[in-house]
Amino acid sequence: MKFAITSKGDAKSNALMHKIRNYLTDFKLTYDESEPDIVISVGGDGTLLYAFHRYSGRLDKTAFVGVHTGHLGFYADWTPDEIEKLVIAIARTPYQIIEYPLLEAIIRYQDGGKETRYLALNESTVKSVDGTLVMDVEIRGEQFERFRGDGLCVSTPSGSTAYNKALGGAILHPSIRALQLAEMASINNRVFRTVGSPLILPAHHTCMLKPVNRPDFLVTIDHLTILHKDVKSIQYRVASEKIRFARFRPFPFWKRVHDSFVSS
């Protein structure tokens, strides 16, 4: 088996990274950053997001596992004091593959040029470069509303506990193939009106955003922020690709939600 390790970059994470690498090579596993079968993320959820984007071109061949060196994360389910147990599991135990849906964003431009496609593990947001964001929202090719406000957030189920939750969105179990559209400070009065609630769309539905006035936007894809100019439309749907996690033991999602948001 070939493996690679991504570290948060702090001293603790780097020390664990070297420890895991030495242990696994002692078990005759091959370190390969180009074509790993398994990627071990050492740090937090942000580190795993980085690893996901680094290996997004081989999602059907690479599985991920996370070790958290700080606060409890939703993607990092092993602790530093469990490193030996994890290494033995990777080296000796056939692991279960759990697949979670991803978000596809396709940005098209007014000049009809080449479109840009992104994959997001957590979410994508759209904001105006300056002033109020005004977007026509289409669902399944039909006009749904004209949004006016600070911005829009489209999230995956596994990303529903991140920015989406802060916007008042629902927490979805990550096995559900859906996307969620949440508003950021929408303008609602006697003249302008939006639905005012997060929308959960199934995998066979497409959400299209079309600019009404300004064509330039700040679009985030997880931790990345990109300026896009002369935008004609931004299309969101559940991606055909999935992220694959290597599971060596049960990973109860609702317990993780409880421990992160409810438990004191």
Side-chain angles (χ1 to χ4, degrees), residues 1-10 12-102 121-122 156-162 171-177 222 241-261 263:
M1 181 191 297
K2 296 181 290 185
F3 72 97
I5 307 175
T6 301
S7 170
K8 181 180 179 180
D10 62 294
K12 183 178 182 180
S13 299
N14 285 342
L16 281 173
M17 175 182 67
H18 293 302
K19 189 176 183 180
I20 294 169
R21 179 171 178 172
N22 290 336
Y23 281 166
L24 287 175
T25 51
D26 286 344
F27 276 105
K28 308 303 181 185
L29 273 68
T30 303
Y31 188 80
D32 186 340
E33 290 190 0
S34 299
E35 299 180 339
D37 301 305
I38 190 167
V39 172
I40 304 159
S41 166
V42 182
D45 284 350
T47 311
L48 197 136
L49 284 172
Y50 171 82
F52 161 74
H53 284 279
R54 181 176 180 182
Y55 293 102
S56 61
R58 48 178 293 115
L59 295 176
D60 59 334
K61 304 177 184 69
T62 297
F64 298 84
V65 62
V67 178
H68 67 82
T69 56
H71 297 294
L72 181 68
F74 276 87
Y75 298 124
D77 53 335
W78 293 83
T79 60
D81 59 357
E82 296 177 312
I83 290 303
E84 289 82 1
K85 186 186 299 184
L86 174 61
V87 165
I88 293 172
I90 292 173
R92 299 281 176 84
T93 308
Y95 52 84
Q96 180 185 12
I97 291 292
I98 302 296
E99 295 183 328
Y100 288 159
L102 300 169
L121 175 55
N122 268 2
T156 67
S158 52
S160 66
T161 55
I171 295 177
L172 299 184
H173 192 280
S175 63
I176 298 172
R177 295 193 69 235
D222 293 329
E241 300 94 332
K242 297 179 181 179
I243 187 170
R244 303 162 73 243
F245 288 101
R247 290 282 185 262
F248 300 95
R249 61 185 181 186
F251 184 67
F253 174 74
W254 295 117
K255 183 179 187 304
R256 188 56 54 93
V257 171
H258 172 271
D259 292 347
S260 296
F261 300 118
S263 180

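Scope of the values below: all heavy atoms of this structure, side chains included, with no hydrogens, waters or symmetry mates. None of these values were measured; they are calculated from a predicted model.
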Going through the checks in order, is the side-chain contact (heavy atoms from CB on, under 4.5 Å) test met by W78 and I83?
CA-CA 8 Å; W78 293 83; I83 290 303; over 6 Å; no
List the steps and the verdict of side-chain contact (heavy atoms from CB on, under 4.5 Å) for L24 and Y31.
CA-CA 8 Å; L24 287 175; Y31 188 80; over 6 Å; no
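Atom CD in E241 sits 8.5 Å away from atom OG in S56 (nearest 0.5 Å). In this structure, NE2 in H68 is found 9.5 Å from CG in D45, a value given to the nearest 0.5 Å. The distance from atom OH of Y50 to atom OG1 of T6, rounded to the nearest 0.5 Å, is 6.5 Å. In this structure, the separation between CZ on R21 and CG on L29 is 12.5 Å, given to the nearest 0.5 Å. Note that the CD1 atom of I97 and the CD1 atom of I243 stand 10.5 Å from one another [nearest 0.5 Å]. Distance check, rounded to the nearest 0.5 Å: CD1 of I5 to CG of L16 gives 9.5 Å.
A side-chain donor from one of S13 and T69 sits under 3.5 Å from a side-chain acceptor of the other.
Between N122 and G159, the closest heavy-atom pair is OD1-CA, 3.5 Å.
No salt bridge links D77 with R249; every basic N to acidic carboxylate O contact stays at or beyond 4.0 Å. A salt bridge is absent between E99 and R177; no separation between the charged side-chain nitrogens and carboxylate oxygens falls under 4.0 Å. Taking the charged nitrogens against the carboxylate oxygens, K61 and E35 have no contact shorter than 4.0 Å, which rules out a salt bridge.
Of the listed residues (I38, T62, D37), just one forms a side chain to side chain contact (heavy atoms under 4.5 Å, CB included) with K2, and that residue is D37.
Side-chain contact check for I90 versus F248: some heavy-atom pair is nearer than 4.5 Å.
Note: W254 and H173 have tilted aromatic rings, judged against thresholds of 30 and 60 degrees for the angle between ring planes. Ring orientation note: the planes of Y75 and F245 are close to parallel, at an angle under 30° on the 30°/60° scale.
Looking at T25, its side chain does come within 3.5 Å of a backbone N or O of N22 through a donor-acceptor pair. Under a 3.5 Å cut-off, the side chain of Y55 and the backbone N or O of A63 do not form any donor-acceptor pair. In this structure, T156 contributes its side chain and L121 its backbone to a donor-acceptor pair below 3.5 Å.
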